[in-house]
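Below is one structure, written out as structure tokens; the observations come after it.
If you're wondering where the values come from, they're calculated on a predicted model, not measured in any experiment. Start at 1 and go down the list; that is how both ligands and their atoms are numbered.
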Amino acid sequence: MPSPKARSGGGGRSGSVPAGGGGAGGNGRYEFMSLTRTPSHLLQRQGSDPTSARLRASESPCRRRGSGSSSASTSSAGGQPVPEEDCMRLNPSTLGIALSSLLAVDLWLSKRLGVCACEDASWGSVRPLMKLVEVSGHGIPWLLGAAYCLYKSDSAAGQEVTLNLLMALLLDLVLVGVVKALVRRRRPAHNRMDMFATFSVDRYSFPSGHATRAAMCARFLLAHLVLAAPLRVLVLLWAAFVGLSRVLLGRHNVTDVAFGFFMGYFQYNLVEALWLSPVVLQSMMGQLE
Ligand SMILES: CC(C)=CCC/C(C)=C/CC/C(C)=C/COP(=O)(O)O
């Protein structure tokens with residue numbers, strides 16, 4: 001195949017890449033071809049005039065990539081086969097616009113709701129109360145509380161539940177840490193980083209660890225404690241309030257907390273699946289003695 005470069009007497013270089021597998025042309029030089037435009041000599045070989053060929057070259061990637069595919073089952077207007085699986089794909093720009101819009105609304109709403117982000121903010125006077133709610137959902141009081149209950153528990157059932165709660169809390173810390181390290185979303189700009197006892201990943205905000213813990217622990221308590229109806233409602237209100245306080249304090253965006261609740265809810269399913277039975281616990285105790 002004659003090189004366009006050779007025919008045009010060695011034209012421009014911009015936007016060109018080596019033609020894959022083409023190797024050297026007849027004159028021993030390598031061919032270069034744009035990834036985004038089909039060279040005119042190739043279009044002419046397809047039996048079209050340059051104008052209609054340019055139009056075909058500017059068709060959607062879905063249509064262009066259909067040519068020559070053995071799995072094609074649909075035909076485009078130009079008679080070229082189109083792979084069906086390509087045409088099922090969502091337009092990435094539509095998804096991108098939807099995500100950017102969601103994030104813009106999230107940032108705007110979170111900033112509006114961050115009314116306790118500092119003492120000078122519009123609800124700054126209730127910041128100490130919100131920080132108390134923050135402590136109630138922190139990992140340390142929960143871990144210490146579960147360990148104390150395990151130590152004090154004198155029934156096998158009590159030990160089983162408290163030990164599994166301890167495992168659940170540790171699992172939550174690990175999973176949240178992994179997601180935070182992967183996503184690396186910065187905390188809102190209006191947040192004051194004055195939380196106590198944090199890990200290095202806690203400089204990231206997605207998902208809210210308080211929200212995952214609140215959702216998971218609420219499900220845990222409702223499933224394993226015999227509570228009167230008002231107390232059950234109180235547990236749910238506490239979990240909701242822990243999540244809300246994260247946004248009011250300016251610690252998180254709304255989506256961090258929403259995803260945190262979602263993740264915590266399903267973390268409990270994982271805890272149930274990994275539940276340590278009395279038999280396992282007895283063998284663990286036996287090994288400790
Ligand atoms: C024994 C042990 C590993 C204790 C670690 C407890 C600890 C430092 C938990 C971190 C809790 C925390 C500050 C999470 C951040 O929550 P966000 O809601 O701000 O994501």
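Of the listed options R251, K180, H210, K180 places a heavy atom closest to atom 20 (O) of ligand 1. When the heavy atoms of A197, G209, G243 are ranked by distance to atom 10 (C) of ligand 1, first place goes to A197. Here the shortest heavy-atom distance to atom 19 (O) of ligand 1, taken over R203, R246, M193, H138, belongs to R246.
Protein heavy atom in closest approach to atom 4 (C) of ligand 1: L143 CD1, 3.6 Å. In this structure, the protein non-hydrogen atom closest to atom 12 (C) of ligand 1 is D202 OD2, 3.8 Å. The protein heavy-atom contact nearest to atom 3 (C) of ligand 1 is F199 CZ, 3.8 Å. Of the protein's heavy atoms, H252 NE2, 3.2 Å lies nearest to atom 17 (P) of ligand 1.
For the side chain to side chain donor-acceptor pair (under 3.5 Å) criterion with D202, the lone passing option out of K180, R187, R251 is K180.
Taking the six-membered ring where tryptophan is involved, the planes of H138 and F196 are essentially parallel, since the angle between them stays under 30° and well short of 60°.
A salt bridge does not link E272 with R219: every distance from a Lys NZ or Arg NE/NH1/NH2 to an Asp or Glu carboxylate oxygen is 4.0 Å or more. Looking at D106 and R185, a side-chain N of the basic residue comes within less than 4.0 Å of a carboxylate O on the acidic one, giving a salt bridge.
In the hydrophobic cluster analysis, where Ile, Leu, Val, Met, Phe, Trp and Tyr join through side-chain heavy atoms closer than 4.5 angstrom, F259 is grouped apart from L102.
Ligand 1 is never approached by E134 to a heavy-atom distance shorter than 4.0 Å.
In this structure, V233 belongs to a hydrophobic cluster whose other members, linked by side-chain heavy atoms under 4.5 Å apart, are L237.
By the criterion of a heavy-atom distance under 4.0 Å, the side chain of L173, and not its backbone, is placed next to ligand 1.
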